[in-house]
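For reference, the structure is listed below as structure tokens.
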Amino acid sequence: GGTDYDIDQGVRFAARLPNDSGTLPPRRADVINLSLGGPDFTPAAAAGLQQARAAGVAIVAAAGNQASCQPFYPASYPGVLSVSAVGITKARASYSNVGPSIKVAAPGGDFSTNLNGNSGAGVLSTVATNLEGSVQPGYAFYMGTSMATAHMSGVVALMRSANPVLT
């Protein structure tokens, strides 16, 4: 969890823009994955993302998991690559948002489809479990447009490595 302000400050830091920490990374991010969101448009968030885009950063964001056509932010801000999800059959996942701001779909998993007889068709992800003060790494299956956004962010990073001036 975090506030729009926290997200804005993180985006500004990653884009090497002035931020409240007063610090900048040695190099700006080429791609920012925003696997998060909500229903509220805020002018400050829109402006911050536009500044990051103007600095040359690609912004990739989750379209949302409400099976809705209502705008979901930051995915619905102009210039943001909004990602919906498909399941193992390549059809839109039942939970994935739809609408005119969505630019692409990527594998997001869908537990309602079980073609292989195991836990369903989720996306395997890394996790960390805190056991009595010791963090233990592991894996778990998830589904959502956040999983799809991670896939698409990787594709955008590969595309930009092949063509650094790609916008």
Side-chain angles (χ1 to χ4, degrees), residues 1-21 23-42 44-66 68 71-87 92-93 95-110 121-128 135 137-167:
T3 65
D4 285 344
Y5 173 82
D6 295 330
I7 295 164
D8 178 61
Q9 289 298 303
V11 167
R12 294 173 97 29
F13 177 84
R16 289 196 97 239
L17 296 171
N19 62 79
D20 287 350
S21 75
T23 62
L24 298 174
R27 185 178 177 280
R28 76 162 167 76
D30 290 325
V31 181
I32 295 175
N33 171 4
L34 295 173
S35 286
L36 49 80
D40 298 325
F41 172 93
T42 63
L49 291 172
Q50 183 56 40
Q51 289 174 3
R53 292 255 311 116
V57 179
I59 310 289
V60 186
N65 303 323
Q66 292 74 35
S68 169
F72 193 77
Y73 298 95
S76 292
Y77 289 124
V80 173
L81 183 62
S82 179
V83 185
S84 66
V86 296
R92 182 181 62 84
Y95 56 82
S96 185
N97 285 1
V98 296
S101 69
I102 295 171
K103 305 292 188 267
V104 68
D110 191 345
V123 175
L124 189 62
S125 184
T126 55
V127 296
V135 176
Y139 298 93
F141 285 97
Y142 289 102
M143 68 176 197
T145 58
S146 290
M147 300 291 103
T149 300
H151 283 110
M152 195 63 224
S153 294
V155 170
V156 172
L158 289 170
M159 291 169 66
R160 290 194 87 181
S161 73
N163 183 358
V165 296
L166 187 67
T167 62

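Worth saying up front: this structure is predicted, and the values here are computed from it rather than measured. Every heavy atom of this structure was used, including side-chain atoms; hydrogens, water molecules and symmetry mates were not.
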Inset, instruction - State, without any angle test, whether T145 and N65 hold a side-chain donor-acceptor pair at a distance under 3.5 Å. - result: yes
To the nearest 0.5 Å, tell me how far [X] [atom1] sits from [Y] [atom2].
{"X": "M147", "Y": "S125", "atom1": "CE", "atom2": "OG", "result": "4.5 Å"}
{"X": "L24", "Y": "N19", "atom1": "CG", "atom2": "CG", "result": "6.0 Å"}
{"X": "D4", "Y": "D40", "atom1": "CG", "atom2": "CG", "result": "7.5 Å"}
{"X": "T23", "Y": "R16", "atom1": "OG1", "atom2": "CZ", "result": "10.0 Å"}
{"X": "Q66", "Y": "N97", "atom1": "CD", "atom2": "CG", "result": "4.5 Å"}

For residues [X] and [Y], report the shortest heavy-atom separation together with the two atoms involved.
{"X": "A140", "Y": "V127", "answer": "CB-CG1, 3.8 Å"}
{"X": "S101", "Y": "S76", "answer": "OG-OG, 3.1 Å"}
{"X": "A52", "Y": "L17", "answer": "N-CD1, 3.7 Å"}
{"X": "A63", "Y": "A75", "answer": "CA-CB, 3.9 Å"}
{"X": "S146", "Y": "A62", "answer": "N-CB, 3.9 Å"}
{"X": "G37", "Y": "F72", "answer": "C-CZ, 3.3 Å"}

Is [Y] close to [X] at the side-chain level, that is, under 4.5 Å between some pair of heavy atoms?
{"X": "S21", "Y": "F13", "result": "yes"}
{"X": "N163", "Y": "M159", "result": "no"}
{"X": "L34", "Y": "V11", "result": "yes"}

Legend entry - Criterion side-chain contact (heavy atoms from CB on, under 4.5 Å) on M152 and V156, from CA distance to verdict: CA-CA 6 Å; M152 195 63 224; V156 172; 4.0 Å; yes
Inset, instruction - Indicate yes or no for a side-chain donor-acceptor contact from R160 to the backbone of V31 under 3.5 Å, with no hydrogens or angles considered. - result: no
Inset, instruction - Would you check, one step at a time, whether the test side-chain contact (heavy atoms from CB on, under 4.5 Å) holds for L158 with V155? - result: CA-CA 5 Å; L158 289 170; V155 170; 5.6 Å; no
Inset, instruction - Take I32 and L49 through the test side-chain contact (heavy atoms from CB on, under 4.5 Å) and record every step on the way to the result. - result: CA-CA 10 Å; I32 295 175; L49 291 172; over 6 Å; no
